[in-house]
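The analysis underlying the following values was restricted to heavy atoms, covering all of them including side chains, and did not include hydrogens, waters or symmetry mates. In what follows, chains carry the letters A, B, and so on, assigned in the order in which the sequence lines appear, proteins first and then strands, with residues in each chain numbered from 1.
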Protein chains: 2
Amino acid sequence: MKALSKPKPVTIYEVARHAGVSIATVSRALRDSTLVTEATRARVRAAVEELNFTPNQLGRSLAEGRHAANGIVFPDLVGPYYAEVVLGYEEVASELGRSVLILATSGRRDATAAVLDLARRVDGMAIIANAVPDDVVTDIAATGLPVVLLARQPVRGIDTIRTRNDRTAAELAAHLAAHGHRRITFLGDPDRSSDVAGRLAGLRTGLRAAGLPEPAAVRCALDVAAGEAAAIELLAGSDRPDAVVCANDEVALGARLAAEAAGLRVPEDLAVTGWDDVLAARFTGLTTVRQPMRDLGAVSARWLHHRITERTTDGTPVPARRRVLPTRLVVRRSCGCPAS
Amino acid sequence: MKALSKPKPVTIYEVARHAGVSIATVSRALRDSTLVTEATRARVRAAVEELNFTPNQLGRSLAEGRHAANGIVFPDLVGPYYAEVVLGYEEVASELGRSVLILATSGRRDATAAVLDLARRVDGMAIIANAVPDDVVTDIAATGLPVVLLARQPVRGIDTIRTRNDRTAAELAAHLAAHGHRRITFLGDPDRSSDVAGRLAGLRTGLRAAGLPEPAAVRCALDVAAGEAAAIELLAGSDRPDAVVCANDEVALGARLAAEAAGLRVPEDLAVTGWDDVLAARFTGLTTVRQPMRDLGAVSARWLHHRITERTTDGTPVPARRRVLPTRLVVRRSCGCPAS
DNA sequence: TTGAAAGCGATACCAA
DNA sequence: TTGGTATCGCTTTCAA
């Protein structure tokens with residue numbers, strides 16, 4: 001063992017010298033097939049083996065003018081929601097030979113700077129929900145960097161993929177109405193998420209169609225504690241609802257805790273529904289809505305790849321794409337249905 | 001608008017020309033403070049503004065000889081476990097000014113190649129559990145690339161961080177023994193995860209200490225379906241246990257389903273415990289063990305950063321570090337304790 | 001089929 | 001304090 005301090009990186013030059021060829025030939029041998037004799041290719045391979053050469057990705061990328069990497073930006077990874085999206089994204093991206101850089105923006109003051117930094121390291125990026133403000137999104141897209149938006153209000157000229165909120169929420173409303181629930185309250189903040197806004201809008205539509213009064217809406221964050229706190233206050237009020245439709249499952253679970261604490265039975269005294277169908281929903285009989293989160297990530301990775309590769313063959317600007325993935329009402333006990 | 005086809009990247013050269021200085025000065029103005037007049041700095045800044053210049057990260061990294069990026073490798077992101085680890089890792093890494101590349105190896109044939117590719121794109125990487133085989137780990141570490149192992153059997157010469165399995169599992173065993181459970185079976189595969197192996201070992205130790213017989217061990221994967229299937233078979237057998245200790249919460253939830261299907265009450269007829277304390281555990285009264293997953297990621301990011309930065313000042317090779325983070329038994333109903 | 005050499009876009013050393 | 005220029009490691013014409 002020599003000095004461990006500097007593991008002396010092996011470059012293409014050494015390989016070339018070792019194989020008795022030029023660096024150009026080494027480069028070719030390592031990628032093209034046609035332009036190199038099988039004999040020389042073998043010599044190069046041998047040298048590569050012997051020297052344990054591994055091409056420097058930076059040099060390569062710089063020369064090729066591409067990163068061969070994609071980014072994905074999300075608020076955080078709390079709860080299974082975003083994690084699933086990221087997983088679907090990663091799977092497809094790496095199938096397509098691209099590395100994946102992640103960035104969580106929640107709770108950091110320099111989110112914008114971080115996203116701009118990310119933009120310098122990738123050939124395209126997906127942005128989930130409200131991870132970054134609109135103007136940053138448009139700024140980045142204006143750079144020419146391919147961007148795809150997920151679970152977020154579309155921005156002009158940018159590809160967007162969402163999951164169905166309105167229609168399924170309306171369906172949920174009809175279902176609750178059929179159960180005889182009349183005084184329905186929505187728990188969640190429509191101003192902080194376009195998904196939540198869509199769910200509330202759908203709920204409104206559905207209730208109206210059922211001839212029921214407008215639902216009240218109580219703002220709260222998307223976690224158990226927030227849902228519990230909001231529900232405690234709500235249930236202590238004079239005009240207690242007979243059903244709460246929650247923006248997601250965590251909130252619903254929190255609402256349930258509040259109901260228990262208030263001595264109310266679910267669903268007899270208070271129906272509760274969620275959204276996302278997390279594991280806990282299944283095991284607590286929570287009626288909810290399932291969405292194809294993995295697909296959301298997968299599709300976005302695929303779209304991004306198209307954008308990235310198409311942009312080399314510059315033709316007419318391909319118009320922005322939109323897609324809404326289907327969601328499905330999952331009926332369990334908490335809405336008033338008999339235990340299955 | 002001109003041709004949108006080639007957004008013509010703005011380089012440091014244009015900025016230099018625009019500001020009437022050399023590229024060296026531009027570079028300085030954008031980083032050092034001392035070596036540039038405030039006046040010239042202003043001119044450079046103006047040019048940067050006007051041209052909307054953004055430095056190319058590849059050029060920069062190549063020149064600096066570093067990626068300013070870290071990798072993290074995990075089997076998958078299913079369940080909250082790895083997601084939390086990744087989140088903790090990302091948070092610290094980006095605080096330290098490093099980007100984060102992720103790689104999921106589960107269910108891909110070319111896992112090794114993918115990890116090696118990742119190794120070319122980062123200054124260091126964390127590897128979780130059995131995401132990649134030992135020999136690959138040592139190969140990468142031999143490269144000189146800083147590596148830290150998480151929730152995994154230590155490898156000679158490599159930093160490793162784990163969470164406490166044995167001791168807490170023994171504690172759990174004692175708790176179950178105190179409940180009067182005597183015939184205890186373990187559900188999980190100790191051969192596929194050092195965490196699982198540690199939990200089983202701890203269970204053994206604890207039961208022995210309590211004067212109870214050796215636990216049976218039934219192998220199964222770490223998801224609900226696997227747990228359910230394994231438990232169905234187990235409970236159908238002639239020598240039914242009175243408690244099953246599961247390798248994680250998902251398995252425990254599956255076991256519970258099996259118990260219900262078999263007409264057994266939990267915990268009266270069968271006690272069930274899990275590991276991880278996922279959300280569903282809390283809401284189903286599952287006795288389990290909580291681990292600091294976020295910390296696991298955070299600490300590893302910090303260690304990695306040390307390794308990466310220390311290696312410039314080459315001195316004596318710092319010996320590999322080891323750390324075991326504490327875990328905590330969370331007692332709920334499923335072990336036999338009264339509902340709290 | 002192969003080699004020489006010109007980039008790719010920054011950093012940083014050496015002079016001035 | 002500034003400019004000129006070598007350098008990082010690779011890809012890719014252009015000739016031979």
Side-chain angles (χ1 to χ4, degrees), chain A residues 6-45 47-48 51-69 117 119-123 143-144 312, chain B residues 6-45 47-48 51-69 117 119-123 143-144 312:
Chain A
K6 289 277 179 182
K8 181 191 75 171
V10 181
T11 74
I12 202 175
Y13 286 90
E14 276 116 85
V15 176
R17 192 178 331 126
H18 225 77
V21 297
S22 72
I23 62 166
T25 299
V26 174
S27 180
R28 288 192 199 100
L30 265 40
R31 36 189 48 264
D32 311 327
S33 18
T34 52
L35 269 45
V36 177
T37 311
E38 199 45 56
T40 50
R41 183 191 303 287
R43 293 188 16 232
V44 170
R45 264 206 281 265
V48 167
L51 295 171
N52 208 338
F53 168 74
T54 211
N56 178 310
Q57 183 64 36
L58 290 172
R60 172 172 288 183
S61 285
L62 183 57
E64 288 179 336
R66 63 191 206 108
H67 299 268
D117 178 78
R120 294 190 195 112
R121 302 170 156 274
V122 298
D123 301 318
T143 305
T312 53
Chain B
K6 289 280 179 180
K8 182 191 73 172
V10 181
T11 75
I12 201 174
Y13 286 90
E14 275 118 86
V15 176
R17 190 175 337 124
H18 224 78
V21 297
S22 72
I23 62 166
T25 299
V26 174
S27 180
R28 287 190 203 102
L30 265 39
R31 36 190 49 264
D32 312 328
S33 18
T34 52
L35 268 46
V36 178
T37 310
E38 201 45 55
T40 51
R41 182 190 305 285
R43 286 173 42 216
V44 170
R45 263 207 280 266
V48 167
L51 296 172
N52 209 338
F53 168 74
T54 210
N56 178 310
Q57 183 63 37
L58 290 172
R60 171 173 289 183
S61 284
L62 181 58
E64 287 179 336
R66 63 190 205 109
H67 299 268
D117 179 77
R120 295 191 195 112
R121 301 170 157 275
V122 298
D123 301 319
T143 305
T312 53

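A donor-acceptor pair under 3.5 Å is formed between the side chain of His67(A) and the backbone N or O of Arg120(A).
Comparing dT11(C), dG9(C), dT11(D) by their closest approach to the side chain of Thr11(B) singles out dG9(C). With dG9(D), dT2(D), dT5(D) as the candidates, the nucleotide lying closest to the side chain of Asn56(A) is dG9(D). For Ala24(A), counting side-chain heavy atoms from C-beta on, the closest listed nucleotide (dT11(D), dA4(C), dT11(C)) is dA4(C). Considering only side-chain atoms of Val21(A), the nucleotide from dG3(D), dC8(C), dG3(C) that sits closest is dG3(C).
Nucleic acid contact class of Ser27(A) (heavy atoms, under 4.0 Å, all strands): base. Thr40(B) comes within 4.0 angstrom of the backbone, heavy atoms only, and of no base. Residue contacts for Arg28(B): at a heavy-atom cut-off of 4.0 Å it reaches a base atom on one of the strands shown. Here Leu58(A) lies out of heavy-atom contact (under 4.0 Å) with every strand. If you check every strand for non-hydrogen atoms under 4.0 Å, Val26(A) touches nothing.
A straight line from OH of Tyr13(A) to C1' of dC10(D) spans 8 Å, rounded to a whole angstrom. Leu35(A) places its CG atom 18 Å from the P atom of dA16(D), with the value rounded to the nearest Å. Taking atom CZ on Arg17(A) and atom C1' on dG9(D), their separation rounds to 14 Å, with Å as the unit.
Rounded to the nearest 0.5 angstrom, Leu30(A) CG and Ile23(A) CD1 are separated by 12.0 Å. Separating the CZ atom in Arg17(B) from the CD1 atom in Ile12(B) is a distance of 12.5 Å, to the nearest 0.5 Å. Between the CZ atom in Arg31(A) and the CD atom in Glu64(A) there is a gap of 5.0 Å [rounded to 0.5 Å]. A distance of 8.5 Å separates CD in Gln57(B) from CG in Leu58(A), rounded to the nearest 0.5 Å.
Taking five base pairs at each end of the helix from dT1(C)-dA16(D) to dA16(C)-dT1(D) and finding the rotation axis that steps the C1' atoms of four pairs onto the next four gives two axes whose angle is 40°, to the nearest 10°.
Neither OP1 nor OP2 of dG9(C) sits under 4.0 Å from any side-chain N or O of Arg60(B).
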Legend entry - Worked verdict on Thr25(A) versus Arg28(A) for side chain to side chain contact (heavy atoms under 4.5 Å, CB included): CA-CA 5 Å; Thr25(A) 299; Arg28(A) 288 192 199 100; 3.8 Å; yes
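When each of Gly59(B) and Thr25(B) is assigned the nucleotide of DNA chain C with its nearest heavy atom, Gly59(B) is the one assigned upstream, toward the 5' end. Residue Ile23(B) is the one, among Pro55(A) and Ile23(B), whose nearest nucleotide of DNA chain D lies closer to the 5' end (criterion: closest heavy atom).
The residue from Thr11(B), Val10(B), Val15(B) that alone fulfils the side chain to side chain contact (heavy atoms under 4.5 Å, CB included) condition with Tyr13(B) is Thr11(B).
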